[in-house]
Amino acid sequence: MKITLPDNSLRELPEGSSGYDLAKDIGPGLAKSAVAVTINGIQKDLHDVIEGDVSASIITIDSDEGIEIMRHTLTAQVLARAVKNIYPNSKLAIGPTIEDGFYYDVETEEAISIDDLKKIEDEMIKIVKTKSSITKKLVSKEEALKIFKSQKETYKESIIDESEQISDFQLYYQDDKKFVDLCRGPHLPNLSFVGAFKLTKVSGAYWKGDSKNKMLTRIYGTAWKNEKELNKYLTTLDEAQKRDHRKLGKEMNLFHFQDEAPGMVFWHPDGWTIYRNLRNFVRKRLQDNDYIEVNTPQVIDRKLWEASGHWDKYRENMFITEIDEEHANEKRVNALKPMNCPGHVQIYNQGIKSYKDLPLKYAEFGLCHRYEPSGTMHGLMRVRAFTQDDGHIFCTEDQIESETGLFIEFLSNIYADLGFKDFDIKLSTRPEMRVGSDKTWDKSEKALEDAIKNLGYPYRIDEGDGAFYGPKLDFVLTDAIGREWQCGTFQLDFNLAERLDAQYVGEDGKKHYPVMIHRAVLGSFERFIGILIENYSGKLPFWLAPQQVVIASIISDVNDYSIEIMEQLKKEGIRAEVDLRNEKISYKIREHSSKKVPIIIAIGKSEKSEKTVSIRRIGSSETEILELNEALKQIKKENILVST
RNA sequence: GCUCAUAUAGCUCAGCGGUAGAGCACUUGCUUGGUAAGUAAGAGGUCACCGGUUCAAGUCCGGUUAUGAGCUCCA
């Protein structure tokens with residue numbers, strides 16, 4: 001048979017040859033590191049017999065694909081077996097690979113905790129040490145069912161049962177044939193290819209990812225080619241932990257949470273300074289882009305939420321308030337607003353609007369409350385009370401495309417100024433839970449997709465992830481360590497205006513419903529500040545930093561000069577403080593460095609007598625001596641992004 | 001909301017049936033010291049909350065609340 005290799009060269013092999021034979025034919029080195037083979041684009045076990053003329057490439061243990069196969073074998077053949085050895089009555093569910101590692105879902109009689117991982121890991125090492133080869137057996141559906149039924153592997157049974165396949169179920173064995181796993185493969189030809197691995201955590205996970213199903217125990221692990229790679233990965237994990245905004249927020253004294261208000265931020269002075277700086281920045285940009293800032297009530301009667309559709313579709317996430325009957329004349333049920341849109345429509349509805357008023361753009365730094373499930377809260381990233389940089393564009397259908405373009409440009413400028421150069425666009429389509437007719441959804445999905453297509457931005461589609469009132473574009477930015485955050489959103493809504501009876505008089509003199517576009521750039525200030533802290537490891541850009549400059553005196557004789565510098569800086573609008581404490585300069589440097597103050601100015605005898613300053617910047621141990629006036633000029637220039 | 005874990009001084013944590021501990025931070029004294037921790041002393045705790053077991057409970061057991069890691073959600 002003829003085999004085409006990736007470089008388009010042809011190789012002739014006898015019938016019945018396998019991927020391994022092919023590798024051997026190409027070279028002994030390749031045969032040694034081969035773990036699987038790709039036949040016509042599909043990964044196969046190395047010892048599968050190749051049928052017919054095909055294109056093929058050998059997967060070696062050194063490749064990304066090879067590592068993934070190794071992870072797969074580790075979970076399905078090694079972790080699963082180790083768990084069965086230690087917990088004979090456990091039942092295996094599924095064990096896929098994930099980024100950097102793998103997991104296996106199992107049902108066990110006794111709970112497995114993080115402390116048990118060592119034990120399981122040791123058992124895995126024992127299994128790997130056998131260096132057993134891994135062999136495959138193909139069986140019919142009945143036979144597969146029989147085997148797993150006899151082993152009481154109910155999850156495997158149901159996987160087979162629900163499969164449309166009728167034959168060729170793949171069973172994988174090790175040399176002793178004492179363990180069998182159902183798997184789509186491919187697997188390593190033998191366990192000697194296993195590199196360095198470590199079980200990392202254990203948690204619950206629903207069978208088939210459905211919260212109605214039983215909760216299984218999920219054991220996570222990570223695996224790499226060798227110890228060095230493993231350690232590198234573990235170090236990066238540590239690095240990510242070091243920039244955790246919850247930890248930095250505490251160290252920098254920015255905010256706290258407490259039991260009485262779960263998911264709601266207590267902003268400390270420095271944290272609130274960051275918040276205000278960011279808000280001023282966004283406010284300026286909104287002003288420059290034809291948005292009009294408004295403000296709407298926090299607590300609104302349920303009638304409005306019924307009319308808007310929130311009561312029906314969003315009730316379980318809303319904080320409901322009732323007025324104490326003893327003191328109130330009338331009983332009404334109110335809700336804390338989870339969104340600003342109905343409020344904005346109320347403003348729109350005051351007075352008659354003409355097509356000449358469109359597009360009309362209302363913006364609000366609206367404080368919204370949403371009752372998030374208890375298990376989902378996470379520092380600033382997921383809270384129950386947050387402020388959106390929200391806005392609603394009332395426009396005609398014809399204006400959708402130009403507004404989409406304007407918004408993307410607006411958003412990308414803001415992201416760039418905040419230090420995020422890259423973002424992806426996601427188009428989310430109709431969800432199951434929604435308002436509006438399918439006809440309206442067809443129209444709005446098409447309008448949005450046409451707009452983004454015509455503007456030429458790349459995007460990907462996320463089926464069923466739209467808002468209940470309309471399809472949306474989501475903007476996902478990438479931070480300094482490659483993590484992705486969904487922040488901006490642009491949501492088309494052909495429903496709400498009609499539900500709340502918002503209209504405009506068209507050129508034809510008749511009344512029409514405007515299209516509403518719900519849009520945000522940062523999403524929520526709380527979350528975005530969390531992202532900024534993690535992105536910058538707390539070392540915020542100069543204009544955002546709560547304390548921008550600290551002037552630290554070396555001896556008390558220079559206190560007057562230090563204060564003079566502070567006052568001059570303050571005159572320029574710089575947030576400057578002096579540190580005149582009776583402490584050594586290194587002590588002061590250490591303290592302000594750990595608070596991530598961007599600039600520390602040390603002042604001693606020579607600076608005072610020469611009217612200079614010694615500048616030290618965060619992240620560097622270099623110092624720079626400058627004339628005071630020159631330093632003031634420079635620092636003022638750095639503060640340029642402060643816009644108001 | 002679900003699974004597992006955690007809750008001790010302002011922070012980070014030790015203690016795991018028998019009189020509450022450390023380091024840092026804080027206060028005070030000494031120290032005026034040139035770029036990431038000078039020094040000594042002092043003060044600081046209903047051991048998250050409610051209940052149970054026990055002669056005796058931060059310590060063991062149950063519940064509640066919050067937090068953490070995941071899962072499910074994130075309009």
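Here the nucleotide nearest the side chain of A:I555, chosen from B:rA69, B:rA36, B:rU32, is B:rU32. Closest approach to the A:M215 side chain among B:rU35, B:rU3, B:rU65 is made by B:rU3 (side chain taken as heavy atoms from C-beta onward). Nearest to the side chain of A:I585, among B:rG38, B:rU35, B:rC71, sits B:rU35. Taking only side-chain atoms of A:R590, from C-beta outward, the nucleotide of B:rU65, B:rA37, B:rU35 with the closest atom is B:rA37. The side chain of A:R218 approaches B:rC71 more closely than any other nucleotide in the set B:rC74, B:rC71, B:rU32. Closest to the side chain of A:T376, out of B:rG70, B:rG1, B:rG33, is B:rG1. Comparing B:rU35, B:rU65, B:rG1 by their nearest atom to the side chain of A:Y371 picks out B:rG1. For A:P262, the listed nucleotide lying nearest its side chain is B:rU67; candidates were B:rU35, B:rC71, B:rU67. Distances were taken from every side-chain heavy atom of A:D259 (C-beta onward) to each of B:rA66, B:rG34, B:rG38; the shortest belongs to B:rA66.
For B:rG70, its base never sits under 3.5 Å from the side chain of A:Y206 at any donor and acceptor pair. At a cut-off of 3.5 angstrom, counting only N and O atoms as typed in the model, there is no donor on one side facing an acceptor on the other between the side-chain of A:S203 and the base of B:rU3. Applying the 3.5 Å distance criterion, the base of B:rU35 shares no donor-acceptor pair with the side chain of A:S593. Interface remark: the A:S586 side chain does not form any donor-acceptor pair with the B:rG38 base, using a distance-only criterion of under 3.5 Å. Within 3.5 Å, a donor on the side chain of A:E607 pairs with an acceptor on the base of B:rG34, or the reverse.
The CE-P distance, from A:M318 to B:rC73, rounds to 22 Å in whole Å. Spacing between atom CZ of A:R382 and atom P of B:rU72 amounts to 12 Å, rounded to whole angstrom units. Here B:rU12 presents its P atom at 17 Å from NZ of A:K242, a figure rounded to the nearest Å. One atom, NZ of A:K595, and another, P of B:rA37, lie 16 Å apart when rounded to the nearest Å. Regarding A:L117, its CG atom lies at a distance of 17 Å from the P atom of B:rA69, rounded to whole Å. For the pair A:K584 NZ and B:rU35 P, the computed distance is 10 Å after rounding to whole Å. Between A:K247 atom NZ and B:rG10 atom C1' the separation is 17 Å, expressed in whole Å. We find that CZ of A:F255 is positioned 17 Å from C1' of B:rG10, with the value rounded to whole Å.
Side-chain atoms of A:T217 and A:Y104 form no donor-acceptor pair, as typed in the model, at a separation below 3.5 Å. Side-chain atoms of A:E372 and A:N317 include no donor-acceptor pair closer than 3.5 Å. A donor-acceptor pair shorter than 3.5 Å can be found between the side chains of A:H256 and A:Q258. Residues A:K337 and A:T296 have side chains that bring a donor and an acceptor to within less than 3.5 angstrom of each other. Side-chain contact annotation: A:H518 with A:D390, donor-acceptor N/O pair under 3.5 Å absent.
Searching all strands for a Watson-Crick or G-U wobble partner of B:rU53 with both distances below 3.5 Å returns nothing. Remark: B:rU46 base-pairs with no nucleotide in the shown strands. Criterion, Watson-Crick or G-U wobble with two distances under 3.5 Å. Searching all strands for a Watson-Crick or G-U wobble partner of B:rU35 with both distances below 3.5 Å returns nothing. With a cut-off of 3.5 Å on both pairing distances, the Watson-Crick or G-U wobble partner of B:rU3 is B:rA69. Pairing of B:rU28, defined by two Watson-Crick or G-U wobble distances under 3.5 Å, is identified with B:rA40.
In A:E622, the CD atom is not crowded: 12 or fewer heavy atoms of neighbouring residues, nucleotides or ligands sit closer than 6.0 Å.
Phosphate contact (OP1/OP2 of B:rA36, side-chain N/O of A:R616, threshold under 4.0 Å): present. OP1 or OP2 of B:rG1 sits under 4.0 Å from a side-chain N or O of A:S374. For the pair A:K250 and B:rU12, the criterion of a side-chain N or O lying under 4.0 Å from OP1 or OP2 is met. Considering only side-chain N and O atoms, A:H378 lies nowhere under 4.0 angstrom from the phosphate OP1 or OP2 of B:rG70. In this model, the phosphate group of B:rA69 is approached by a side-chain N or O of A:R246 to a distance below 4.0 Å at OP1 or OP2.
Comparing A:I554 and A:A205 by the nucleotide of RNA chain B whose heavy atom lies nearest to each, the residue mapping closer to the 5' end is A:I554. Comparing A:M339 and A:I625 against RNA chain B, the residue whose closest nucleotide sits nearer the 5' end is A:I625.
Residue contacts shown for A:S606 include a base, since a base heavy atom lies under 4.0 Å away. Across all strands shown, A:G379 has heavy atoms under 4.0 Å from sugar-phosphate atoms exclusively, and none from any base. A:M377 comes within contact range of the sugar-phosphate backbone alone, with a heavy-atom separation under 4.0 Å but no base atom that close. As judged by a 4.0 angstrom heavy-atom cut-off over every strand, A:S614 is placed among the base-contacting residues. Within 4.0 Å (heavy atoms only), A:F257 reaches no atom of the nucleic acid at all. Contacts of A:Y469 with the nucleic acid, taken as non-hydrogen atoms under 4.0 Å apart, involve only primed sugar atoms and P, OP1 or OP2. Residue-level contact check: A:K472 touches the backbone only, with heavy atoms under 4.0 Å from sugar-phosphate atoms and none from bases. Residue A:P338 is classed as a base contact, given a heavy-atom separation below 4.0 Å to a base.
Residues that satisfy the side chain to side chain donor-acceptor pair (under 3.5 Å) test with A:R243, not counting sequence neighbours, are A:S537.
With both ends at atom C1', the span from B:rG18 to B:rU59 equals 11 Å, rounded to whole Å. For B:rG10 and B:rA48, the P atoms lie 13 Å apart once the distance is rounded to whole Å. Taking atom C1' on both nucleotides, B:rG63 is separated from B:rU53 by 15 Å, rounded to a whole Å. Taking the C1' atoms as reference points, B:rA20 lies 10 Å from B:rA9, given to the whole Å. Distance noted for atom C1' between B:rA56 and B:rU19: 12 Å (whole Å). When the P atom is compared between B:rG15 and B:rA36, the two are found 35 Å apart, to the nearest whole Å. Separation of the P atoms belonging to B:rC16 and B:rA7 is 13 Å when rounded to the nearest angstrom. Rounded to whole Å, the separation between the P atoms of B:rA41 and B:rG23 comes to 11 Å.
For B:rG51, the base adopts the anti conformation, since its glycosidic angle falls more than 90 degrees from zero.
Under a 3.5 Å cut-off, the side chain of A:R575 and the backbone N or O of A:A545 do form a donor-acceptor pair. Side chain of A:S620 to main chain of A:R617: no donor-acceptor pair is present (N/O by atom type, distance under 3.5 Å, no hydrogens or angles). Side chain of A:D579 to backbone of A:A552: no donor-acceptor contact under 3.5 angstrom is found.
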